[in-house]
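Below is the structure I would like to discuss, written out as structure tokens.
Basis for what follows: all heavy atoms, side chains included, without hydrogens, waters or symmetry-related copies. Reminder, nothing fancy here: chain letters follow the sequence lines and each chain counts from 1.
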Amino acid sequence: MKPEKLQPLPGMNDLQFPEILHWQHVEEVARNVFGRFGLREVRTPLLERAELFERSIGDTTDVVQKEMYVFEDRGGRRVALRPEGTAGVLRNLAGRGPEGRAERVYYMGPMFRSERPQAGRRRQFHQIGVEILGPAEPLVDAECIVLQVLLLEAFGLKKFGLRLNTRGSEKDLPRLRRSLRDLLESRQARLCEDCRRRLQSNVLRILDCKQETCQAVVRELPPLDEFMSQESRDYFNRLERALDEIGISYEREPRLIRGLDYYLHTIWEIFHPALGAQDAISGGGRYRVDLGGESIEGIGFALGMERVIEALQAEGAGALSAATDGPQVWLVSIGRDAALANLALATDLRRKGLHCGGEFQSRSAKAQMRAAGRSGAELVIVRGSAEIERGTVVLKDMKTGNEDAVPLTEIVETVLGRVNREAGHDTAGTSR
RNA sequence: GUGGGCGUAGCUCAGCUGGUUAGAGCGACAGGUUGUGGCCCUGUAGGUCGCGGGUUCGAAUCCCGUCGCUCACCCCA
């Protein structure tokens, strides 16, 4: 067991080889897909004024009320580690003036929520997100959803499902809340303790309460869109038609509501059946956020990188080979003089772009060969005092076991030739 | 914040109802080949049994506390 001091904080993990290969893969694929949709990357600070999140996410939400890392900085400002990405990105875009109001951007990076860790839920977790600004338009919503589906497909995921719903327009929301409260108040005896509190603070959340008793009450309610205007219903119908036309399958989920206050109209979640309790790998929606007296409209989504990677592993698609970034050449040195000479040679080879390994300390030849074998290198260069005298090295092919004496003057050339041939042959299916 | 499960070697774990020097496999390291890997054989290193307290002649084992991990609630990506 490691001493406590050497362990990271609860819910915060080191990411390292070999799992890090999955992370790099996901990031690389995401950048590629975003390029196809004309999105630019934006990187915003991890630390922001606490009120930025309180105002945009909503100060009655759980995320803000009990999960945010809030503290005072040295200047006496109330600051918070970002619990999600949208607020910071919108702050940035709003500050860019009118052009910012039509930007399409993506971001990726760590977010922080002080919850009790469990499978698929860390205190520091990582999201990849997208924000497409501009006035409400069903076709933009459809494009955003398509983007997200293509992204997940590009990662190699197959078994995910899309749940879709609408919260109605900004004008509908107050009426929706009021109607729900009226309907639910008469049945509040059958609601759980939390939901009775939510009647006042956040009625909508009652809809997706997990308590069976509350679910029963919710099932008695009429469909939500009965409380919405004709425009809102038309808006959602146009979106559904667009998705059908494009060929994106989804499931209408009338009780889907989502936890942040800024959503309106289209909202959705993407879940993966292999994931257990935390099965939402991604979620998004259309929003309107007021920042500094200006209101910003757009649509966006965020996906949880650790959940996506977990899903990839569950599907068995993520079998990334550790060998893809291993050394191509390994240098074995017998004696200190040889070690120095080999370090010089390794420098030449590395300058030419080769992946070189080797220990420049005189262990036994046997131990060094064992290490060479384990490294997976295709070629091994062996040099001892005899080779130094003759001005040669021994070049060994680890597959065939053949050894040749190669003059020092030709070794770089020879290795480059051999490795290139093998590389062209061998890496067809890998991502080197 | 609430509840369940689990903390024994670098890793995966064994250790029966408390009994004397705490084990195995894998891995690491070394030797078997005075300078050659993947197989085989031999050996070596490595453990405050998470930590603290209690019960007992005696605790890895039982009890309490604590810390950590983990799963679930809650919430969300």
Side-chain angles (χ1 to χ4, degrees), chain A residues 1-11 13 57 61-68 83-86 108-130 148 152 192-195 197-198 202 205 208-211 256-260 268-272 275-285 300-311 330-335 338 362-388 393-403:
Chain A
M1 280 292 103
K2 274 181 210 142
E4 199 178 307
K5 293 262 167 63
L6 289 182
Q7 285 193 36
L9 260 12
N13 305 58
I57 300 170
T61 58
D62 289 313
V63 170
V64 165
Q65 272 192 343
K66 40 190 211 196
E67 295 169 7
M68 214 158 59
E84 55 97 61
T86 302
M108 44 180 81
M111 308 293 164
F112 303 85
R113 292 183 199 174
S114 181
E115 306 172 271
R116 193 82 171 265
Q118 81 188 63
R121 195 174 75 186
R122 316 270 74 193
R123 288 184 174 178
Q124 175 175 330
F125 61 106
H126 299 78
Q127 289 189 334
I128 297 178
V130 161
Q148 170 150 43
L152 295 174
C192 72
E193 200 182 314
D194 283 335
C195 284
R197 189 165 36 75
R198 287 176 181 137
N202 203 345
R205 295 226 52 83
D208 65 2
C209 179
K210 308 295 184 301
Q211 300 284 326
L256 178 67
I257 215 66
R258 301 193 47 75
L260 311 182
W268 72 95
E269 271 178 16
I270 291 184
F271 63 97
H272 194 279
L275 250 40
Q278 314 297 328
D279 69 343
I281 58 181
S282 179
F301 68 82
L303 61 84
M305 293 180 72
E306 20 295 87
R307 289 183 191 180
V308 164
I309 288 166
E310 206 184 317
W330 195 269
L331 292 94
V332 169
S333 321
I334 296 147
S362 325
R363 287 205 301 161
S364 73
K366 180 174 184 144
Q368 293 189 60
M369 281 307 294
R370 241 199 294 263
R374 234 181 296 121
S375 77
E378 310 248 351
L379 294 174
V380 171
I381 290 169
V382 183
R383 173 147 55 176
S385 49
E387 285 76 19
I388 291 180
V393 297
V394 171
L395 182 61
K396 175 165 185 164
D397 183 313
M398 292 298 270
K399 260 186 194 151
T400 63
N402 293 340
E403 294 186 6

Problem set entry | Euclidean distance for C1', G58(B) against U21(B) (whole angstrom) | 16 Å

Problem set entry | Phosphate-side-chain proximity, Arg374(A) and A28(B), N/O vs OP1/OP2 below 4.0 Å | yes

Exercise. Is any side-chain heavy atom of His272(A) less than 4.5 Å from a side-chain heavy atom of Arg307(A)?
Worked result: no

Exercise. Is there a donor on the side chain of Lys396(A) or the base of U36(B) sitting less than 3.5 Å from an acceptor on the other?
Worked result: yes

Exercise. Between the base of G32(B) and the side chain of Lys366(A), is there any donor-acceptor pair under 3.5 Å?
Worked result: yes

For this session: Please state whether the phosphate of A77(B), meaning OP1 or OP2, lies under 4.0 angstrom from any side-chain nitrogen or oxygen of Arg258(A).
Result: yes

Exercise. Separation of Gln118(A) atom CD from G5(B) atom C1', in whole Å?
Worked result: 14 Å

Exercise. Rounded to the nearest Å, what distance is computed from the CZ atom of residue Arg116(A) to the P atom of nucleotide C69(B)?
Worked result: 10 Å

For this session: Output yes when at least one side-chain N/O atom of Ser385(A) is less than 4.0 Å from OP1 or OP2 of G35(B), else no.
Result: no

Exercise. Which whole number of Å gives the distance between the P atom of G31(B) and that of C6(B)?
Worked result: 45 Å

For this session: Establish, with yes or no, whether the OP1 or OP2 oxygen of G35(B) is under 4.0 angstrom from a side-chain nitrogen or oxygen of Arg383(A).
Result: no

Exercise. Quick one: Arg123(A) CZ to A77(B) P, roughly how many Å, whole number?
Worked result: 18 Å

Exercise. In whole angstrom, what separates Arg363(A)'s CZ from G35(B)'s P?
Worked result: 14 Å

For this session: Could you work out the separation of G3(B) and C64(B) based on their P atoms and round it to a whole Å?
Result: 15 Å

For this session: Could you tell me whether the side chain of Gln368(A) has a donor or acceptor atom within less than 3.5 Å of a complementary atom in the base of U36(B)?
Result: no

For this session: Tell me what Ala372(A) touches on the nucleic acid: a base, only sugar-phosphate, or nothing, going by heavy atoms under 4.0 Å.
Result: nothing

For this session: Report yes or no: is there a donor-acceptor pair, N or O only, under 3.5 Å between the side chain of Glu67(A) and the base of G1(B)?
Result: no

Exercise. Met369(A) CE to C39(B) C1': how many Å, rounded?
Worked result: 15 Å

Exercise. Within the pair Arg122(A) and U70(B), is there a side-chain N or O less than 4.0 Å away from OP1 or OP2?
Worked result: yes

Exercise. Taking the same atom, P, in G37(B) and in A30(B), what whole-Å distance lies between them?
Worked result: 13 Å

For this session: Report yes or no: is there a donor-acceptor pair, N or O only, under 3.5 Å between the side chain of Arg205(A) and the base of C76(B)?
Result: no

Exercise. Rounded to whole angstroms, how far apart are CG on Leu395(A) and C1' on G35(B)?
Worked result: 16 Å

For this session: Grab the CD-C1' distance between Glu115(A) and C71(B) for me, whole Å please.
Result: 15 Å

Exercise. Should Arg121(A) and Glu115(A) count as an ion pair when the cut-off is N to O under 4.0 Å?
Worked result: yes

